[in-house]
There are 2 protein chains.
Amino acid sequence: MKPTTSSSASHQRTRKDHATEAAEDYVEAIDDILSAKGECRVDDLRKHFSVSHVTVSRILARLQREGLVRKEAYRPVSLTKKGKRLADQSRERHQIVLEFLKKLGVSAEVAEMDAEGIEHHVSEETLEVMRRFNTK
Amino acid sequence: MKPTTSSSASHQRTRKDHATEAAEDYVEAIDDILSAKGECRVDDLRKHFSVSHVTVSRILARLQREGLVRKEAYRPVSLTKKGKRLADQSRERHQIVLEFLKKLGVSAEVAEMDAEGIEHHVSEETLEVMRRFNTK
DNA sequence: ACCAAAGTGTAGCTTGTGCTACAAATAGTG
DNA sequence: CACTATTTGTAGCACAAGCTACACTTTGGT
Ligand SMILES: [Mn+2]
Ligand SMILES: [Mn+2]
Ligand SMILES: [Mn+2]
Ligand SMILES: [Mn+2]
C-alpha cells in the first residue's frame with residue numbers, strides 16, 4: 001500500500017493551508033459581525049477569537065497589506081471586494097463541512113469544533129463529495 | 001441557526017491542535033522510516049517533509065525536550081516509549097481519516113493530501129463516526 | 001591513509017502569532 | 001463640559017517553524 005503521492009507533497013499542501021487560515025477565518029468573522037451588528041471593531045474580533053486585541057490588530061495590519069481589509073486607526077474594520085469574496089467562499093466551505101459532519105452523525109457541538117480546523121484542509125474534490133453527501 | 005458552542009472555543013481548539021501537529025507528524029514519520037530502513041536520520045526527515053535539515057534539527061531538539069525522541073549529535077533518531085505511543089496513535093488516526101475519505105469517494109491522491117491536514121482536527125467523537133463508516 | 005562528498009550542527013535572519021504593559025484616543029455619564 | 005471607562009495603538013517580549021551560509025563530522029572511494 002505505498003502512497004500514490006509523495007508524503008512531502010501532502011505536508012507542503014498542509015503548510016500552505018495554514019498560511020491562509022488566519023485570513024480566511026478573519027474575513028469570515030468580520031463579514032459575520034458586520035451582518036450581525038453593522039460594524040466590526042477590533043474588540044469584536046478579540047472576543048470572537050479569544051485572543052488579545054494586540055494579536056487582532058497585527059493580523060488586521062497584515063490583511064490590509066494583502067488587500068483584504070480596510071482599517072484606519074480607532075475606526076471599525078471593513079472588507080474590500082477581494083476580502084468579501086474570500087469571506088463568502090470561506091463561509092460556504094465552512095457551512096458545507098459543518099453540515100457534512102452533522103449529517104454524518106457527529107453532534108452539533110463537536111461538529112462545530114472540528115469544522116473550524118478541518119475546513120482549511122478540504123480540497124475542491126473533497127468539498128464536492130461532501131456537497132453531494134449533504135444533499136443525499 | 002445560532003452556534004451551540006461559542007466560536008471562540010472552536011478557534012482555541014484549532015490552535016491547540018496546531019500546537020501538537022508537528023510532534024504527531026514527526027513521530028509518525030520517524031516510526032515509519034525506522035520500520036522501512038532500520039534507522040532514521042535527519043536527512044530522511046528532511047526529504048520526508050521537504051524542509052531544510054535545519055528545520056528538522058530544531059524540531060527534533062524540541063521533541064527531545066518533550067521526551068518523545070532520543071537524539072545524539074551525528075547519530076540516528078529513535079523514539080522513546082512515549083514517542084512510540086504517540087506515533088501509533090497518530091498513525092491509527094491518520095489511517096482512519098485516509099480510509100474514510102477514500103470510502104467517501106475521494107480519489108486516493110487527493111485523500112492523501114487532505115488527510116495530512118484534517119487528521120489533526122478530528123475529535124474522538126468524529127473519529128469514532130469515521131470508524132463506523134469505514135466498516136459499513 | 002587521504003580526499004571528497006554527504007550529512008549534521010550552529011549562527012543568525014525572517015515571518016506569523018501569541019502575550020503584557022503602557023500610552024493615546026474615543027465613548028459614555030454625570 | 002469634565003471625568004471615567006472602554007477601546008485601540010505601540011513597544012517589546014516569547015516561541016514555532018521556515019530559510020541560507022558556514023563549520024564540522026562522518027562516510028566512502030582511490
Ligand atoms: Mn477555521
Ligand atoms: Mn471558519
Ligand atoms: Mn490545520
Ligand atoms: Mn499531518
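Proteins get letters first, then strands, A, B, ... in listed order; numbering begins at 1 in each.
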- Describe, in one word, how the ring planes of A/F49 and B/H11 are oriented to each other, choosing from parallel (under 30°), tilted (30 to 60°) and perpendicular (over 60°). perpendicular
- Task: May I ask you to decide if the ring planes of B/H121 and A/H18 are parallel, tilted or perpendicular, using 30° and 60° as cut-offs?
- Result: perpendicular
Any luck finding a side-chain donor-acceptor pair between [X] and [Y] under 3.5 Å?
X      : Y      : answer
B/D25  : B/H120 : yes
B/S123 : B/T126 : yes
A/E116 : B/T14  : no

- What's in the same ILVMFWY side-chain cluster as A/V54, cut-off under 4.5 Å, chained through other members? none
- Give me the residues of residues 52-60 of chain B where at least one heavy atom lies under 4.0 Å from an atom of DNA chain D, by number, or none. B/S52, B/V54, B/T55, B/R58, B/I59
- Item | Strand-adjacent residues in residues 12-42 of chain A, judged by heavy atoms under 4.0 Å from DNA chain D | A/R15, A/R41, A/V42
- Select from A/S50 and A/Y74 the residue whose nearest nucleotide in DNA chain C is closer to the 5' end of that strand. A/S50
Are any of [X]'s side-chain N or O atoms less than 4.0 Å away from OP1 or OP2 of [N]?
X     : N     : answer
B/R75 : C/dG7 : no
B/R46 : C/dT8 : no
B/K71 : C/dT8 : no

In this structure, how many angstroms lie between the [atom2] atom of [N] and the [atom1] atom of [X], rounded?
X     : N      : atom1 : atom2 : result
A/R62 : C/dT15 : CZ    : P     : 12 Å
A/Q64 : D/dG9  : CD    : P     : 10 Å
B/D43 : C/dA6  : CG    : P     : 11 Å
A/L45 : D/dG9  : CG    : C1'   : 15 Å

Within the 4.5 Å heavy-atom criterion, are [X] and [Y] side-chain neighbours or not?
X     : Y      : value
A/L68 : A/L79  : no
A/I96 : A/E119 : no
A/D88 : A/D31  : yes

